[in-house]
Novice: 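Take a look at the following structure, please.
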Protein chains: 2
Amino acid sequence: MSSKVTPDPRRSLTLRDVSEASGVSEMTVSRVLRNRGDVSETTRERVLEAAKQLGYVPNKIAGALASQRVNLVAVIVPSLSNLVFPEVLSGISEELEDTGLQPVFGVTNYLEDREESVLYEMLSWRPSGVIIAGLEHSDASRAMLQNAGIPIVEIMDVDGEPVDSVVGISHRRAGLEMARAIVGAGYRRIGFLGTKMPHDHRARKRMEGFEAGLAEAGIELADREFYSGGSALLKGREMTEAILKRTPDLDFIYYSNDMIGAGGLLYCLDKGIDVPGKLGLAGFNGVDLLDGLPRRLATMDACRREIGQRAAAIIAGRSDTGLIGGAHVELTPVLQLGDTIRSR
Amino acid sequence: MSSKVTPDPRRSLTLRDVSEASGVSEMTVSRVLRNRGDVSETTRERVLEAAKQLGYVPNKIAGALASQRVNLVAVIVPSLSNLVFPEVLSGISEELEDTGLQPVFGVTNYLEDREESVLYEMLSWRPSGVIIAGLEHSDASRAMLQNAGIPIVEIMDVDGEPVDSVVGISHRRAGLEMARAIVGAGYRRIGFLGTKMPHDHRARKRMEGFEAGLAEAGIELADREFYSGGSALLKGREMTEAILKRTPDLDFIYYSNDMIGAGGLLYCLDKGIDVPGKLGLAGFNGVDLLDGLPRRLATMDACRREIGQRAAAIIAGRSDTGLIGGAHVELTPVLQLGDTIRSR
DNA sequence: ACGGCGTACGTTAGCGTTAACAGATACCGT
DNA sequence: ACGGTATCTGTTAACGCTAACGTACGCCGT
């Protein structure tokens, strides 16, 4: 790989190198590379050829500083292993595809401190917008978002006060409606299995909504348990076994996510428990993993991909909702009864 | 939110604003904010206070341009829905945690064109290093990597010629050893179910290795089928049913990933097929999802998290392997027999 | 022949930060 | 009292690019 073209392989190329190689000014090269302004067809070709020949890669750092424009969108989510977030990210990527905007992902591990530092770090690159999961942030984070002077979209959840725009579903209402459906189907001794994460506000809201829904019928949760870490499917199994041992007369279990719900379902099938006759089950999310299960778990679609798309559309300025002053998009999750809630 | 402090909420703050607010030069502010050089305790506090008060967020764009240093590491993977990659990314994040380096993720959807444009885009931010999945790239991508003048780590796979460093496993060998184990356990009529992605080189190499392993014993694949899209678990079910219908005398099925393997396993359990007596099954990856299944699928751990960690360590200059000239780290996946290969 | 206009470039002056060096002050030993 | 050193702070000049404006030239109609 002896390079005849690059004078110093250590130093990276600049516009000047391309301009010298093609015999025009740096400005003209810049114009060609950005397709801006008038350049004759012949010089355009000459410049393009030289740039390609040298293997020139523009320096966006300098470009961004000079133009005061950055084509980055900061996207901050609590986790990637949750299965939900990769789908949201896909929706964002897809929608941003041909806008010239580029998503940059950051992960907080459900930690407020980390959210704060990830946000700080990302804002220091002066992105064109921020998409961030949840409505609950530290005071400092909230202040940064407010002062950033760029569009902010908080996603996943609409139960609370957004800084700017918001796209999501009401987890409270999701829980509530699930409770109504379950009570409506005649179940009375109801248990809850969920994650122990104190900072998963959405799971918390679902449970609160769920309890409120039960309360409408004068019912209280018969039992509950929380876990953290490990394989969700396995935990679903283990916890289902444990809760049924402790409270054998349960006739329904509501899981805070589909994964542990699936584990519970597999356990019940193993043990020959009559689902949904003797015991009903429901999860949350509508992950397509469930399609492959022997029986389809009742669940509620969280509109993950669409949330990503709508949020990205707002940042890209493509949203039809009020362009200024913060859009407020509440999507409606659809209850899928599956085969694990008896139909009356 | 009437701001007494910010003069113009539209324009974002600069070092100058902080310097004026604290009565020192911009340089001193810069020093305080970066903990570099000597600053007296009193000024340091005054500056910090002013910065916090104003809500100043440094402009890394300007900083990077001036210092010619960027604390970003470009990480390029083909997909996020594969379950494998989020784990690799976690490994990277974790390892980079306290190095001052920040990973930035890009997704290619298994498309060479997209890989090229994502890479170009990322290189234009002049990152400190690149971690990229796979050894197969377009000529242009390869040229960009070679000329970037920064450490490059190709991950997941070691079967090929790396540009610089490489961390991964030999998928060819993984397939080969699985074949040997299966043949060794006495299976003879062996089928393969996999993904149709022409650009998933690693799946391809596993299959090639697998066939080579069978060939050692004079065996050929009895049947095979490929799918694309949809719920992997469900596809595993459907394809298993289809292949068993077409070739009923199969005594083993090797799946290209655990997810469809799990689907196949659930199908067999449903149908009461004797696993592993009459039919053996194996997948690939060692995802912890499998822990929750009624029976543990045989698989091979792909060392996903560790790959991420080792790759990040190389970029961070923490690797013990030869610091210059490209490290070559081949991890060894461990065969886990589970309950779906009979033990002789 | 002239002004007017459009096209195709070039020039100049930053963008906000940091590297490198240059004071300024205080303190020290002799 | 002196130079020397240590500690702190300021000044200057980039970094690589682009916005805004300037200029040269050709073409047109009258």
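Throughout, a chain's letter reflects where its sequence line sits, starting with A, and its residues are numbered from 1.
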Novice: Rounded to the nearest Å, what distance is computed from the CG atom of residue A:Asp17 to the P atom of nucleotide D:dC15?
Specialist: 12 Å

Novice: Side chain of A:Met27 only, please: which of D:dG10, D:dC17, D:dT18 is the nearest?
Specialist: D:dT18

Novice: For B:Asp38 and C:dC27, what is the distance between atoms CG and P respectively, to the nearest whole Å?
Specialist: 17 Å

Novice: Strictly below 4.0 Å: does B:Ser25 bring a side-chain N or O up to OP1 or OP2 of D:dG10?
Specialist: yes

Novice: Decide yes or no for B:Pro103 and B:Ser93: does some side-chain heavy atom of the first lie under 4.5 Å from some side-chain heavy atom of the second?
Specialist: yes

Novice: Would you say B:Gln68 reaches D:dA14's phosphate, i.e. side-chain N/O to OP1/OP2 under 4.0 Å?
Specialist: no

Novice: Find the distance A:Leu33:CG to D:dG16:P and express it as a whole number of Å.
Specialist: 16 Å

Novice: Checking only heavy atoms, does the side chain of B:Arg126 share a donor-acceptor pair with the base of D:dG16 at less than 3.5 Å?
Specialist: no

Novice: If you assign each of B:Arg31 and A:Asn59 to its closest nucleotide in DNA chain D, which residue comes earlier from the 5' end?
Specialist: B:Arg31

Novice: Are any of B:Thr28's side-chain N or O atoms less than 4.0 Å away from OP1 or OP2 of D:dG10?
Specialist: yes

Novice: If you assign B:Thr42 and B:Ser67 each to the DNA chain D nucleotide with the nearest heavy atom, which residue ends up on the more 5' nucleotide?
Specialist: B:Thr42

Novice: Tell me whether the OP1 or OP2 atom of C:dC9 has a side-chain N or O from A:Thr43 closer than 4.0 Å.
Specialist: yes

Novice: Can you tell me if CG on A:Asp98 sees more than 12 non-hydrogen neighbours from other groups inside 6.0 Å?
Specialist: yes

Novice: Is it true that, when you exclude B:Arg16 itself, more than 12 heavy atoms of the residues, nucleotides or ligands shown sit nearer than 6.0 Å to its CZ?
Specialist: no

Novice: What is the separation between atom CG on B:Leu65 and atom C1' on D:dC17, rounded to the nearest whole Å?
Specialist: 8 Å

Novice: Between B:Glu116, B:His137, B:Met122, which is the residue that forms a side-chain contact (heavy atoms from CB on, under 4.5 Å) with B:Met144?
Specialist: B:Glu116

Novice: Looking at B:Arg69, I'd like to know whether one of its side-chain N or O atoms comes within less than 4.0 Å of OP1 or OP2 on C:dA19.
Specialist: yes

Novice: Is any NZ, NE, NH1 or NH2 atom of the basic residue among B:Glu161 and B:Arg142 found under 4.0 Å from an Asp or Glu carboxylate oxygen of the other?
Specialist: no

Novice: Within the structure, does a side-chain N or O atom of B:Tyr56 lie under 4.0 Å from either OP1 or OP2 of C:dT17?
Specialist: yes

Novice: Figure out the CZ/P separation between A:Arg16 and C:dG10, and round it to whole Å.
Specialist: 12 Å

Novice: Hey, does A:Arg34 reach any base, or is it just sugar-phosphate, or nothing, if we go heavy atoms under 4.0 Å?
Specialist: sugar-phosphate

